[in-house]
Amino acid sequence: DAKTTQPDSMESTEGETVHLPCSHATISGNEYIYWYRQVPLQGPEYVTHGLQQNTTNSMAFLAIASDRKSSTLILPHVSLRDAAVYHCILRVGRQQGTGSKLSFGKGAKLTVSP
Amino acid sequence: GGIITQTPKFLIGQEGQKLTLKCQQNFNHDTMYWYRQDSGKGLRLIYYSITENDLQKGDLSEGYDASREKKSSFSLTVTSAQKNEMAVFLCASKGRTEVFFGKGTRLTVV
């Protein structure tokens with residue numbers, strides 16, 4: 001069962017800044033928040049991740065709520081190439097002898113119009 | 001940089017047939033995964049492996065077998081293909097912080 005909740009879809013226009021929300025109300029203290037994106041006919045691609053502090057890289061800014069129960073992936077100045085399904089997932093921490101299990105939900109489909 | 005190679009890219013099978021999908025990675029990663037993705041749906045974890053010869057069941061392991069005989073390879077077997085089944089099977093491996101995915105094997109059962 002996915003532990004995150006995202007909207008099914010979001011729409012935007014080229015050049016806009018997009019805020020993709022994710023709710024993870026039952027997150028554990030040692031779980032990281034990961035974001036991946038997937039375009040048709042490709043496997044998911046890593047976007048960013050964080051534990052508690054906001055993070056930024058060349059692709060996106062990840063804002064994490066102070067109680068860690070929600071996060072927002074912020075995509076500045078989106079282009080047509082940013083159209084994809086964005087997955088917000090929690091990385092279950094290493095358990096004794098079982099390694100890291102990754103569970104994905106449906107994700108949020110971002111549509112970008114010219 | 002490394003790469004994950006999945007073979008075949010397309011697989012057409014018959015109902016009841018046993019089908020094997022292969023995955024190779026040259027990242028030297030310990031942990032590898034097999035996921036299934038149905039059209040318009042999320043990824044569902046079938047099996048994963050944290051090291052050579054290790055196997056861990058995911059949420060969807062029934063109807064599948066897996067094998068990790070070498071660190072670099074992880075194969076998945078559909079034990080009995082279901083008629084009209086269509087899905088994409090994705091292989092992945094995990095580095096220190098990122099998980100890298102292959103491009104998938106697209107299965108159609110006729």
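Not measured: the values here are computed from a predicted model. Order of the sequence lines sets the chain letters (A, B, ...), proteins ahead of strands, with each chain counted from 1.
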Q: According to a 4.5 Å side-chain heavy-atom criterion applied to Ile, Leu, Val, Met, Phe, Trp and Tyr, with indirect links allowed, do A/Tyr34 and A/Leu51 form part of one hydrophobic cluster?
A: yes

Q: I'd like to know if A/Tyr32 and B/Ile50 are part of one continuous hydrophobic network [Ile/Leu/Val/Met/Phe/Trp/Tyr, side-chain heavy atoms within less than 4.5 Å].
A: yes

Q: Could you tell me which portion of B/Leu43 (side chain, backbone, both or neither) has an atom closer than 4.5 angstrom to a non-hydrogen atom of chain A?
A: both

Q: Is any side-chain heavy atom of B/Leu90 less than 4.5 Å from a side-chain heavy atom of A/Gln38?
A: yes

Q: When you look at CD of A/Glu16, are more than 12 heavy atoms from neighbouring residues, nucleotides or ligands closer to it than 6.0 Å?
A: yes

Q: What part of B/Gln37 is in contact with chain A, defined as an atom under 4.5 angstrom from a non-hydrogen atom: side chain, backbone, both or neither?
A: side chain

Q: Honestly curious: do B/Val78 and B/Val88 fall in one hydrophobic cluster under the side-chain, below-4.5 Å linking rule?
A: no

Q: Is chain B contacted by the side chain of A/Ile89, its backbone, both, or neither, given a heavy-atom distance below 4.5 Å?
A: neither

Q: Could you state the interatomic distance from CD (B/Glu98) to OG1 (A/Thr48), rounded to the nearest 0.5 Å?
A: 9.5 Å

Q: Looking at every heavy atom in both B/Arg106 and A/Gln42, which two are closest together, and how far apart are they?
A: NH2-N, 4.1 Å

Q: Check whether B/Tyr64 and B/Leu21 end up in the same hydrophobic cluster, where Ile, Leu, Val, Met, Phe, Trp and Tyr are linked by side-chain heavy atoms less than 4.5 Å apart.
A: yes

Q: Please determine whether residues B/Leu45 and B/Trp34 belong to a single hydrophobic cluster, defined as Ile, Leu, Val, Met, Phe, Trp and Tyr linked transitively by side-chain heavy-atom distances below 4.5 Å.
A: no

Q: Check the pair A/Tyr36, B/Val99 against side-chain contact (heavy atoms from CB on, under 4.5 Å), reporting the backbone distance first and the verdict last.
A: CA-CA 9 Å; A/Tyr36 283 79; B/Val99 173; 3.1 Å; yes

Q: Which bit of B/Phe100 is near chain A, if near means a heavy-atom gap under 4.5 Å: side chain, backbone, both or neither?
A: neither

